[in-house]
There are 2 protein chains.
Amino acid sequence: MRYSIKQVAAKTGLSAYTLRFYDKAGLLPFVARDASGYRAFTEGDLLLLKTICCLKDTGMAIADIRQYINLVMAGPKTAKQRATMLQQHRETVVAKQKALAENLHEIDYKLAIYAAPDAENLVAQEWAAASADKQANALSNPFHAR
Amino acid sequence: MRYSIKQVAAKTGLSAYTLRFYDKAGLLPFVARDASGYRAFTEGDLLLLKTICCLKDTGMAIADIRQYINLVMAGPKTAKQRATMLQQHRETVVAKQKALAENLHEIDYKLAIYAAPDAENLVAQEWAAASADKQANALSNPFHAR
DNA sequence: GCTTGCCTTAGAGTGTACTCTAAGGTTTAA
DNA sequence: TTAAACCTTAGAGTACACTCTAAGGCAAGC
């Protein structure tokens, strides 16, 4: 089975523009051309593209993905180098998860205030504190009474 | 206690450039000026800035953060609107967490292959499959023997 | 044979979020 | 009083990842 660029776009959610952009950027050196010069994706190409999307969606820069793909194209002998790259990337992803969880906790804390039955009162207290803070420092106060 | 832009930069990890950029973008309407026209941050301002960073770090666009700050500046009466905004944002953050966890799983799967004692053999099998895929589709094969 | 709907390329344009430069004012300390 | 180290602004420049336009080739159906 061969897939046209439009079919791959539909399958992956990437636009055809983006796929061509990735090709130009050196991310798709494995994609062959048919007799008319059209890109012809195979199932195996889709697996590699899936890996590319996985790396992209976890925040890897295109230049780094290209480096990874270059290792793939260089053959099985680069397995250990790929492991090193992925291991490093894994750590940035875990760090991202940790940061995201902490920030979510912060959002939930705020939400607990805003969703409380007496939210307006609680928020008015924050407001008063910020206002007092301005006055204590003899600064103009944007939290004027309402 | 008042903080200069440089002190706030050191405290938050944002650059002074970024803080000025945020101010220009309407994210810091609460920051007052001292007699010389210098920005003077209070403790209360740092709390608000922390919220801004929390929203930014979870992927909220600056235009949306400005909208949230506008609600804050409009007073306690906007508590419910803020709750709605944060609730919606919360869902995008949870979705992000889910996607990240799935992608991490994918990375771990790859790593298991690359880190195996016989990694080169396993990778050679992938390689052979991709190569066969090209041949079965009568396409030029970038996975030539090595 | 002509229209429609694909595909190709090079290269220009867009959006977002910074990041920096230039010109100049303020504060502190020698 | 002058140098160093801050601060200010407007606006230009950068980095990144797309996103689109223009000009044109290929393939199928009427």
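Within every chain, numbering begins at 1; the chains are lettered A, B, ... in the order of the sequence lines, protein sequences first and strands thereafter. The figures that follow rest on heavy atoms only: side chains count, while hydrogens, waters and symmetry mates do not.
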Minimum-distance nucleotide (side-chain atoms of A:K56 versus C:dT26, D:dC18, C:dC18)
D:dC18

Just to be sure I understand the rule, does B:A61 reach a base, reach only the sugar-phosphate, or reach nothing, if contact means heavy atoms closer than 4.0 Å?
sugar-phosphate

Give the cluster check for B:Y114 versus B:L104: same hydrophobic cluster or not, with ILVMFWY residues linked at side-chain heavy-atom distances below 4.5 Å.
yes

Shared ILVMFWY cluster between A:I52 and A:Y17, side chains joined below 4.5 angstrom?
no

Check: A:Q81 side chain, A:T78 main-chain N or O, donor-acceptor pair, under 3.5 Å
no

Is A:K6 side chain donor-acceptor paired with the C:dG5 base, going by distance under 3.5 Å alone?
no

Which residue, B:I62 or B:A35, contacts DNA chain C at a nucleotide closer to its 5' end, judged by nearest heavy atom?
B:I62

Please give, in whole Å, the distance from D:dA27 C1' to A:Y38 OH?
7 Å

Give the rounded distance in Å between these two atoms: CD1 of B:I5 and C1' of C:dC18.
14 Å

Whole-Å distance, B:D23 CG to C:dC18 P, equals 14 Å

A:Y22 or A:S36: which one's nearest nucleotide on DNA chain D is closer to the 5' end?
A:Y22

Quick one: is A:R33 getting a side-chain N or O under 4.0 Å of the C:dT9 phosphate, OP1 or OP2?
yes

Please state how far atom CG in A:D64 lies from atom C1' in D:dA17, giving the value in whole angstrom units.
14 Å

Taking OH from A:Y17 and C1' from C:dG11, how many angstroms apart are they, rounded to a whole number?
14 Å

Closest to the A:T18 side chain, choosing from D:dT9, C:dT9, D:dT19
D:dT19

Could you tell me how far apart A:D34 (CG) and C:dC6 (C1') are, to the nearest whole angstrom?
11 Å

Candidates D:dT8, C:dG11, D:dG11 - which lies nearest the side chain of A:K24:
C:dG11

Looking only at side chains, do B:Y3 and B:E43 share a donor and an acceptor under 3.5 Å apart?
yes

Students often get this wrong, so: under 4.0 angstrom with heavy atoms, is B:S15 touching a base, only sugar-phosphate, or nothing?
nothing

Please state whether the phosphate of D:dT9, meaning OP1 or OP2, lies under 4.0 angstrom from any side-chain nitrogen or oxygen of B:R39.
yes

Test your reading of the model: is there a side-chain donor-acceptor pair from A:N137 to the backbone of A:D133, 3.5 Å cut-off?
yes

How long is the line joining CZ of B:R20 and P of C:dC20, in whole Å?
12 Å

What integer distance in Å separates B:F21:CZ from C:dG15:P?
15 Å

